[in-house]
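So you know, we letter chains A, B, ... as the sequences are listed, proteins then strands, and number each from 1.
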There are 2 protein chains.
Amino acid sequence: MSEDRAAEQLQYIKTEVKRCQVRWTAQRQVIVEHFIANKGHYTVEDFFGAVSVQDSSISMATVYRTLNLLVDIGVAVKRVFGDGPATFEFILNRDHHDHLIDVDSGEIVEFVDEDIERLQQLVAEELGYDLHDHRMILYGRKIKK
Amino acid sequence: MSEDRAAEQLQYIKTEVKRCQVRWTAQRQVIVEHFIANKGHYTVEDFFGAVSVQDSSISMATVYRTLNLLVDIGVAVKRVFGDGPATFEFILNRDHHDHLIDVDSGEIVEFVDEDIERLQQLVAEELGYDLHDHRMILYGRKIKK
DNA sequence: CTTGCTGCAAAAGGTTTGCAGTCAA
DNA sequence: TTGACTGCAAACCTTTTGCAGCAAG
């Protein structure tokens with residue numbers, strides 16, 4: 001991703017936060033910059049480790065609070081895969097996608113399948129519901145060549 | 001479900017447990033009977049409440065241990081919907097199915113769609129994986145008539 | 001008898017929260 | 001100046017575990 005794009009996203013988040021809450025702090029800036037720069041699925045622990053390098057005074061509590069704030073303003077999603085800790089994923093300017101998890105390595109692969117999306121819509125309708133959202137995780141084992 | 005079916009299932013579980021572990025206890029009997037009689041998605045808390053009525057000495061720890069045991073022998077699955085506590089579902093003699101959750105009431109509807117199942121297989125293969133398992137949850141709002 | 005199971009209470013994770021001081025606006 | 005935010009530590013919640021006694025086989 002280009003520097004410009006990152007700056008633009010940071011600006012957007014900053015504005016959103018200030019609109020909803022009130023304060024934009026140094027801690028939030030550091031955490032959000034990390035979030036924008038490192039796309040993927042990270043636990044709070046991951047963030048805390050990375051962010052501590054830059055500013056060792058930032059507490060776990062602030063990481064939690066900031067990440068939850070990002071979820072509230074809609075630029076991040078919290079996902080719980082199985083039993084472990086929740087992971088946070090940056091979704092600003094990202095299209096919807098689902099996940100396939102490698103049962104051996106734990107690696108997460110993202111994908112979209114338009115046909116499945118369409119069918120999900122249909123299934124929900126048949127059951128008498130408006131589809132609002134969905135979560136789909138495939139668990140697989142890498143095919144050896 | 002008929003009484004016979006319930007008795008048969010209880011017998012099956014009893015045999016399985018004794019084969020894998022060693023002891024079949026009064027507590028396990030009470031918990032498993034409840035599990036067989038009340039199909040659906042229940043938290044440990046739910047079970048603990050229901051089972052306590054019958055035998056108030058049964059502890060939360062035993063409920064957890066028994067439910068985990070049932071998962072181990074393959075007659076139950078543990079599911080985590082969102083943030084709350086895990087729920088356990090009885091799956092002995094049940095076909096695979098997915099879930100639709102009513103975002104307003106929290107009600108859970110079960111369904112299967114063979115086309116989606118097929119496509120999931122396909123998608124996994126395209127990504128280079130053997131599909132091992134999957135989890136799909138649709139979130140919807142009831143359509144008013 | 002043997003050894004797995006139970007209840008209890010304590011511990012273990014992950015996450016949230018109360019508080020007094022700090023800092024953005 | 002004001003009150004939202006922060007770090008800290010304590011609290012919370014769900015789930016697991018160590019232990020001494022109990023009980024199934």
| Nearest listed nucleotide, side chain of B:Val22, among C:dG4, C:dA25, C:dT6 |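 Taking heavy atoms from C-beta onward, the closest nucleotide is C:dG4.
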| message | Let's see if you can work this out: which of D:dA24, C:dG7, C:dT6 has an atom nearest to the side-chain heavy atoms of B:Arg28? | response |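 The answer is C:dT6.
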| So which heavy atom on A:Pro85 is nearest to which on A:Thr43, and how close? |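 Closest pair (atom of A:Pro85, atom of A:Thr43, distance): CG-CG2, 3.9 Å.
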May I have the distance from [X] (atom [atom1]) to [N] (atom [atom2]), rounded to whole angstrom?
| X | N | atom1 | atom2 | result |
| --- | --- | --- | --- | --- |
| A:Leu70 | D:dC5 | CG | P | 13 Å |
| B:Phe48 | D:dT16 | CZ | P | 16 Å |
| B:Asp72 | D:dT15 | CG | P | 15 Å |
| A:Leu67 | D:dC5 | CG | C1' | 16 Å |
| B:Ile58 | C:dT6 | CD1 | P | 9 Å |
| B:Leu69 | D:dT15 | CG | P | 17 Å |
| A:Lys14 | C:dA25 | NZ | C1' | 13 Å |

| Got a sec: does the CG of A:Asp95 have more than 12 other heavy atoms crowding it under 6.0 Å? |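 Result for CG/A:Asp95: open.
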| task | Using a 4.0 Å cut-off on protein heavy atoms (strictly under), produce a 5'-to-3' string for nucleotides 9-20 of chain C with B for base contact, S for backbone-only sugar-phosphate contact, and - for none. | result | -----SBBBB--
| Is the distance between the ring centroids of B:His34 and B:Tyr42 under 6.0 Å? |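 Ring-ring flag for B:His34/B:Tyr42: false, centres at least 6.0 Å apart.
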| field | Aromatic contact, A:Tyr64 with A:Phe48 (centres under 6.0 Å) | value |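 That pair fails the under 6.0 Å test.
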| task | Classify the side-chain pair A:Gln121/A:Glu117 by whether it contains a donor and acceptor separated by less than 3.5 Å. | result |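 Their side chains do not contain a donor-acceptor pair, so the 3.5 Å distance test is not met.
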| message | Under 3.5 Å, is there any donor-acceptor pair linking the side chain of A:Arg23 to the base of D:dG3? | response |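 When only heavy-atom distances are counted, A:Arg23 does reach the base of D:dG3 through a donor-acceptor pair under 3.5 Å.
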| request: Describe the nucleic acid contact of B:Thr43 in one word from base, sugar-phosphate, nothing, applying a heavy-atom distance below 4.0 Å. | output: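 No contact.
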| field | Pair listing, ring pair (Phe, Tyr, Trp, His ring centres under 6.0 Å) test, anchored in residues 114-145 of chain A, at least two apart | value |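 Qualifying pairs, neighbours excluded: A:His96-A:His134.
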Produce the list of close N/O pairs, under 3.5 Å, pairing protein atoms with atoms of nucleotides 20-22 of chain D; give distances to one decimal.
none

| message | Just N and O in the side chain of B:Thr25: are any of them under 4.0 Å from OP1 or OP2 of C:dT6? | response |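 Yes, within the criterion.
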| task | Ignoring backbone atoms, test whether B:Gln27 places a side-chain nitrogen or oxygen under 4.0 Å from the OP1 or OP2 oxygen of C:dG7. | result |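 Result: yes.
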| message | Judged by each residue's nearest nucleotide on DNA chain C, which is more toward the 5′ side, B:Asp55 or A:Lys18? | response |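 First, find each residue's nearest nucleotide; the 5'-ward one identifies B:Asp55.
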| said: Measuring only between side-chain heavy atoms, which start at C-beta, is A:Leu70 closer than 4.5 Å to A:Phe88? | reply: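 No, side chains not in contact.
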| query | Do the charged groups of B:Glu110 and B:Lys39 touch, with an N to O distance under 4.0 Å? | reply |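 No, B:Glu110 and B:Lys39 are not salt-bridged.
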| Passing candidate, side chain to side chain contact (heavy atoms under 4.5 Å, CB included) with A:Val32, options A:Val75, A:Leu69, A:Leu67, A:Leu10 |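 It is A:Leu10, the one option of A:Val75, A:Leu69, A:Leu67, A:Leu10 that forms the side chain to side chain contact (heavy atoms under 4.5 Å, CB included) with A:Val32.
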